[in-house]
Amino acid sequence: MYGSDKGTDDLERTAFRIAEKKYKFYYDDTFKSSKKKKLPKQVDLSEVIDFKRILECYNHDGALPLGMNATQCDLDGPVFCLENRPGFYFIPGALSLEEQCQWIRESLTSFPQPPNRTNHNAIYGPIQDLFIAAKEKRVLVEANEISAFNVDSDIEPSVSTGNTHGWKFVEENTVSSRRTTCKSVPASVLLRKLRWSTLGLQFDWSKRSYDISLLHNKMPSALCQLAKRMAAAAMPAGEEFKPEAAIVNYFASGDSLGGHLDDMEADWSKPIVSMSLGCKAIFLLGGKSRQDPPVAMFLRSGDVVLMAGEARECFHGVPRIFIDVETDETSLLEKQFSNQDDLHFLEYIRTSRININIRQVF
């Protein structure tokens with residue numbers, strides 16, 4: 001989704017790629033001719049680090065696995081470090097349930113709003129109120145075909161690409177009642193195909209750099225304060241984290257994030273603050289070469305990861321998220337989203353993961 005992709009030769013044979021394939025989501029093809037529902041292929045998770053269980057043991061008797069340390073910061077729980085990955089910090093359960101729900105809501109309603117950019121901009125331009133449109137079962141139609149749907153053509157389009165062509169949300173039954181074909185896409189499909197949005201200083205993917213000339217809003221104040229508090233464990237003494245940008249990733253069933261480096265910020269001594277929301281995932285933390293065998297660990301909703309210093313030079317990725325019943329761990333979130341007004345958030349997060357990566361750019 002983002003980050004550099006150095007060393008692309010012979011990727012299939014690198015240690016990192018082998019680990020990605022090991023944990024990636026595949027359907028079991030044992031019964032190819034069977035009409036039974038396809039099931040996920042079983043994966044050996046015995047070598048995946050589980051910081052939730054490590055935290056439980058640590059709180060019980062102070063025990064830690066070999067090669068792992070714990071520090072106490074101005075947080076409710078310990079921060080875990082890996083001795084062979086300096087600059088990497090894991091804070092299990094760092095976000096309360098209320099905070100998780102708050103940032104899930106913001107990630108779906110506020111963060112994709114213009115002038116923030118999303119992966120949809122390249123085709124449709126900036127889209128207004130995508131989540132609301134999906135909730136109302138609306139359909140995005142090309143503006144030059146609006147007159148065919150008996151809607152008010154004077155209404156501003158929901159999307160503006162900066163030229164004479166644009167797109168507008170219309171009622172679903174308006175489109176289905178038309179017998180002619182038209183360029184259209186349901187808002188629910190666009191929501192499910194949302195893969196990233198950018199906050200604060202905008203990242204130009206074509207140039208792989210931050211473009212300060214692009215229109216943008218300041219980072220949300222509440223998110224900044226949260227990031228500063230979480231980043232303290234990884235900050236140089238006497239310095240405070242300054243959130244200037246964020247990339248929000250949206251994962252659906254079967255999605256993955258290939259091994260990459262986050263190397264476009266000026267000062268690697270400052271951490272990237274990575275917050276996980278929704279479905280559980282596997283995170284791979286490799287070394288400075290793709291040939292270095294990566295460490296696998298679970299990421300759960302509410303976990304926070306910090307990567308600073310040497311850890312910024314480590315390849316990392318997310319080969320898998322878990323949505324099947326056997327590994328589902330969203331029950332506490334489901335209780336929080338039990339109100340009628342929250343059902344669309346609940347429907348989304350049951351099969352999705354959101355990752356908010358907050359950065360100090362300069």
Side-chain angles (χ1 to χ4, degrees), residues 1-8 103 106-131 140 156-167 190-191 193-228 231 239-251 255 257-275 306-309 311-313 315-318 354-362:
M1 289 185 189
Y2 63 89
S4 64
D5 193 15
K6 296 178 180 178
T8 55
W103 298 117
E106 294 288 338
S107 296
L108 293 173
T109 57
S110 300
F111 293 169
Q113 289 285 80
N116 297 338
R117 297 155 69 88
T118 76
N119 57 292
H120 291 318
N121 278 60
I123 299 175
Y124 305 104
I127 300 178
Q128 294 276 2
D129 301 323
L130 174 59
F131 186 79
L140 195 66
E156 288 293 323
S158 301
V159 179
S160 174
T161 60
N163 54 37
T164 56
H165 296 284
W167 297 76
L190 289 173
L191 181 63
K193 290 186 176 181
L194 181 66
R195 290 295 173 265
W196 55 262
S197 61
T198 48
L199 314 182
L201 294 175
Q202 297 293 290
F203 192 80
D204 187 329
W205 298 95
S206 62
K207 298 178 181 177
R208 294 201 65 255
S209 63
Y210 291 93
D211 187 344
I212 61 174
S213 68
L214 290 174
L215 182 65
H216 64 276
N217 293 328
K218 287 186 177 181
M219 289 278 291
S221 176
L223 186 62
C224 287
Q225 294 306 313
L226 177 61
K228 288 180 181 180
E239 295 188 37
E240 184 180 62
F241 185 60
K242 298 177 181 178
E244 295 170 310
I247 299 176
V248 186
N249 295 124
Y250 304 84
F251 295 80
D255 284 349
L257 179 60
H260 65 280
L261 300 176
D262 295 310
D263 56 0
M264 299 311 301
E265 290 73 38
D267 186 354
W268 290 5
S269 70
K270 307 302 188 297
I272 287 180
V273 180
S274 178
M275 300 163 39
L306 310 175
M307 295 183 70
R312 291 291 297 269
E313 302 178 58
F315 284 93
H316 56 281
V318 178
I354 299 172
N355 183 221
I356 306 175
N357 298 281
I358 305 149
R359 298 121 184 279
Q360 179 171 329
V361 177
F362 299 113

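Model, not experiment: these values are computed from the prediction.
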Side chains of F315 and H260, heavy atoms from C-beta outward: is any pair under 4.5 Å? no
Results of ring pair (Phe, Tyr, Trp, His ring centres under 6.0 Å) for F241 - residues two or more places apart only: none
Evaluate the side-chain contact (heavy atoms from CB on, under 4.5 Å) criterion for residues R312 and L261: first the C-alpha distance (whole Å), next the side-chain angles of each, then the deciding distance (0.1 Å), finally the verdict. CA-CA 7 Å; R312 291 291 297 269; L261 300 176; over 6 Å; no
Test your reading of the model: is there a side-chain donor-acceptor pair from N116 to the backbone of F111, 3.5 Å cut-off? yes
Nearest 0.5 Å, please: how far is CD1 in I123 from NZ in K193? 8.5 Å
Main-chain N/O of T118 paired with H120 side-chain donor or acceptor, under 3.5 Å: no
Step-by-step side-chain contact (heavy atoms from CB on, under 4.5 Å) determination, Y210 to R359: CA-CA 11 Å; Y210 291 93; R359 298 121 184 279; 3.6 Å; yes
Straight-line distance of I356 CD1 to L199 CG, nearest 0.5 Å: 7.5 Å
Go through it in stages, so that I can follow the logic: the residues are M275 and L223, the test is side-chain contact (heavy atoms from CB on, under 4.5 Å), and I'd like the CA-CA distance, side-chain angles, deciding distance and then a yes or no. CA-CA 11 Å; M275 300 163 39; L223 186 62; 4.2 Å; yes
Quick check: closest heavy atoms across L108 and F131, and the distance to 0.1 Å? O-CB, 3.2 Å
Could you walk me through whether E244 and M219 pass the side-chain contact (heavy atoms from CB on, under 4.5 Å) check? CA-CA 6 Å; E244 295 170 310; M219 289 278 291; 5.6 Å; no
Qualifying salt bridge (charged side-chain N to carboxylate O under 4.0 Å, His left out) pairs, either residue in residues 215-228, two or more places apart: K228-E240
Side chain to side chain contact (heavy atoms under 4.5 Å, CB included) partner of I127, the single match among L191, L194, L190: L190
Separation of R117 CZ from I247 CD1 (nearest 0.5 Å): 12.0 Å
From L201 CG over to S209 OG, what is the distance, rounded to the nearest 0.5 angstrom? 11.5 Å
Kindly assign one of parallel, tilted or perpendicular to the pair Y124 and W167, based on the angle between their ring planes and the thresholds 30° and 60°. perpendicular
Taking G200's backbone N and O only, do any of them form a donor-acceptor pair with Q202's side chain (distance below 3.5 Å, no angle check)? yes
Are more than 12 heavy atoms, taken from residues, nucleotides or ligands other than I212, located less than 6.0 Å from that residue's CD1 atom? no
Got W196 and V248 here, is their nearest side-chain heavy-atom distance under 4.5 Å? no
Heavy-atom closest pair (N357 atom, S274 atom, distance to 0.1 Å) is OD1-OG, 3.1 Å
Give a yes or no on whether a salt bridge exists between D263 and R208, defined as a side-chain N under 4.0 angstrom from a carboxylate O. yes
Restricting to non-hydrogen atoms, name the atom on S197 and the atom on P112 that form the minimum distance, rounded to 0.1 Å. CB-CA, 4.2 Å
Any donor-acceptor N/O pair, E265 side chain to Q360 backbone, under 3.5 Å: no
Backbone of R195 reached by a side-chain donor or acceptor of N119 within 3.5 Å: yes
Compute whether any side-chain donor of one residue and acceptor of the other, for Y250 and S107, lie under 3.5 angstrom apart. no
Return the CD1 to CD1 distance between I358 and I272, rounded to the nearest 0.5 Å. 10.5 Å
